[in-house]
Amino acid sequence: MSSAEQVISGATIAAHNSRESCWIVVHGKVYDVTDFLDGKCWGSKIILKYAGKDATAEYDPIHPPNTIETHLAPEKCLGIADMGTVAKVEIKVTEEEKARLDRFALRPSLDEVLNLHDFEAIARQVMPEKAWAYYSSAADDEITNRENHAAFHRIWFRPRILRDVTTVDWSTTILGHPSRMPIYITATALGKLGHPDGELNLTRAAAKHGIIQMIPTLASCSFDQIVDAAQPGQVQFFQLYVNKDRAVTRRIVQHAEKRGMKGLFVTVDAPQLGRREKDMRMKFDAEDPAEVSNAGTKVDRSQGAARAISSFIDPGLKWGDIKWFQSITKMPIILKGVQTWEDALMAYDYGCQGVVLSNHGGRQLDFAPSGIEVLVDVVKQLREQRGLTLPNEKFQIFVDGGVRRATDILKAIALGATAVGIGRPFIYAFSAYGTDGVDRALQILHDEFAMCMRLLGAPTLKDVVPEMVDAANVKSHIVAVPGDTLYLNNYQDMQHAQLRTL
Ligand code: 173
């Protein structure tokens, strides 16, 4: 019998509960993690909390499967725990958590959910507080976050009549791949904070609806697990945070390509993470995703989930690196987080295949403009300075941020975007309802498309032309717009610092 197969009693495991010798149990196996207590990989504090005990429940939400095996030498797996005798860490169910679970049980049925705002309103009440703080938070005063949605209100339609709209078709191609709607599921980190299946909820619903999912670098599920969950032929893109260690970056990119990713979306708006104060007020004590553990960098846990795991990102990323990316991959390269027409033109000149006009869901620089506003400039300048008309197969423009309705999406399409990224609404959907929630969210968008295309007088997306919108006011940030109560009611007031309790 190899040592990894020996059964170890709870009492033996419990004796190894200190810095000097620290064993934990994960999924029934006993690991010696003493060497990790220097804080190099996982937080020492949290490991010690589980020393001599079963850590599975805390470990699972954040770690991709096999993380332990990847990072520990094989001999550190000591054997199989005699689970009947292993001490479980008391997870105290607080009064707040009990109340949350009661609210969770009272969720409305999915057919009562009528629009994407509903998911946000429901998720806010039923998802764990930490998850809500992380997903919903945005930079500083959250002005850009609100502007992302509000900017769509400054664009109005010019609908056409008496066109045969018996059949309407809102399918398209994105980077040459078919998509049943001009949208994709954009990258968002830490899916398991909201639901145990994390990003897999998105993969499954995307397959059902013929929609493309962009896999995030900082997913809670492992990259391979998300790719393995896809149906044969299902198209996925990959979002990249560039690691300071370019050997790591190269390995990640080439692995993504080998696993069939159809586009590399390099995030360029996050050399440092914005201050997301709702998230920062939650002391982040969960564990690190694999990407962070791999980098072996020090984790600052005092400033929220995102800051805690972002230190591997390279602030030195620069235009000159684009050539390097082009030399290590044949995937189309799209810069995600472009915020001016000047940079969009540079991306074109550097031979990128596209840009995402995005401010990272308002989570980076507050008062960065909305993607939809930048789109108007980019399309104009690409036409005037590069002779490029949009949409264009050669260089595709995407927009994300604040999208909640098919009308929002159709405005972007009319103005020249190929497709629009949607992030938070799908996380809220799966946090409250799992895969069925994302399925419902996509179905709602289909229904909205059918109606909007007919009412616009556009049988296909090719008929959704610039003349169908009036974007003259998109830059006028002070025009009055009707109050948008569904959307605005989803926002809680920003909180000031609190007095300490005695
Ligand atoms: O927006 C984010 O929260 C995000 O992209 C991120 C970046 C680094 C670490 C964690 C999340």
Side-chain angles (χ1 to χ4, degrees), residues 26-27 56-70 104 107 110 113 116 119 122-123 126-128 130-132 134-135 177 179-181 183-241 252 255-256 258-263 265 286-293 305 309 421-443 445:
V26 176
H27 289 299
T56 313
E58 178 84 9
Y59 173 90
D60 253 5
I62 309 289
H63 287 92
N66 304 329
T67 307
I68 285 210
E69 285 83 352
T70 315
F104 194 85
R107 286 162 304 154
L110 268 174
V113 175
L116 268 51
F119 285 110
I122 297 162
V126 306
M127 74 200 293
K130 244 181 222 163
W132 170 257
Y134 172 61
Y135 294 146
H177 302 282
S179 173
R180 276 192 230 142
M181 286 189 256
I183 65 163
Y184 58 89
I185 300 177
T186 196
T188 47
L190 299 183
K192 286 193 187 178
L193 284 182
H195 187 277
D197 291 355
E199 296 79 10
L200 301 185
N201 292 300
L202 303 171
T203 315
R204 296 179 196 130
K208 182 167 173 193
H209 287 269
I211 294 299
I212 299 171
Q213 172 191 22
M214 187 192 297
I215 302 179
T217 295
L218 290 167
S220 303
C221 299
S222 74
F223 171 77
D224 285 310
Q225 199 182 16
I226 301 172
V227 180
D228 290 343
Q231 298 297 315
Q234 182 175 343
V235 176
Q236 292 171 311
F237 297 147
F238 182 62
Q239 174 268 334
L240 180 74
Y241 272 121
I252 292 173
H255 182 64
K258 206 166 103 218
R259 297 278 351 241
M261 295 300 103
K262 299 291 190 258
F265 286 69
E287 297 262 347
D288 315 330
E291 173 62 19
V292 179
S293 318
I309 59 174
I422 302 180
R424 286 191 185 92
F426 295 135
I427 317 181
Y428 295 139
F430 75 61
S431 296
Y433 297 95
T435 303
D436 291 347
V438 188
D439 178 17
R440 173 81 180 144
L442 288 166
Q443 189 53 51
L445 287 174

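Computed from heavy atoms alone, side chains included, the values below leave out hydrogens, waters and symmetry copies. The chain is numbered in sequence order, starting from 1.
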If you round to the nearest 0.5 Å, how far is CD of Gln213 from CD1 of Ile211?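 With rounding to 0.5 Å, CD1 (Ile211) is 11.5 Å from CD (Gln213).
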Do [X] and [Y] come close enough that some side-chain heavy atom pair is under 4.5 Å?
X: Met127; Y: His195; value: no
X: Ile427; Y: Leu193; value: no
X: Leu442; Y: Met181; value: yes
X: Leu202; Y: Ile226; value: no
X: Gln239; Y: Thr186; value: no
X: Val227; Y: Met261; value: yes
X: Glu199; Y: Ile215; value: no

Within the side chain of Tyr184, is there an N or O that forms a donor-acceptor pair under 3.5 Å with the backbone of Gln236?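 No; judged by distance alone, with no hydrogens or angles, the pair does not exist.
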Report yes or no: does Tyr433 contribute a side-chain atom to a donor-acceptor pair with the main-chain N or O of Arg440 at less than 3.5 Å?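 No, Tyr433 side chain to Arg440 backbone: no donor-acceptor pair under 3.5 Å.
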Ile252 and Phe223: CA distance, side-chain angles, deciding distance, side chain to side chain contact (heavy atoms under 4.5 Å, CB included) verdict: CA-CA 10 Å; Ile252 292 173; Phe223 171 77; over 6 Å; no
Would Asp439 and Arg204 pass as an ion pair if we require N to O under 4.0 Å?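 Looking at Asp439 and Arg204, the cut-off is not met.
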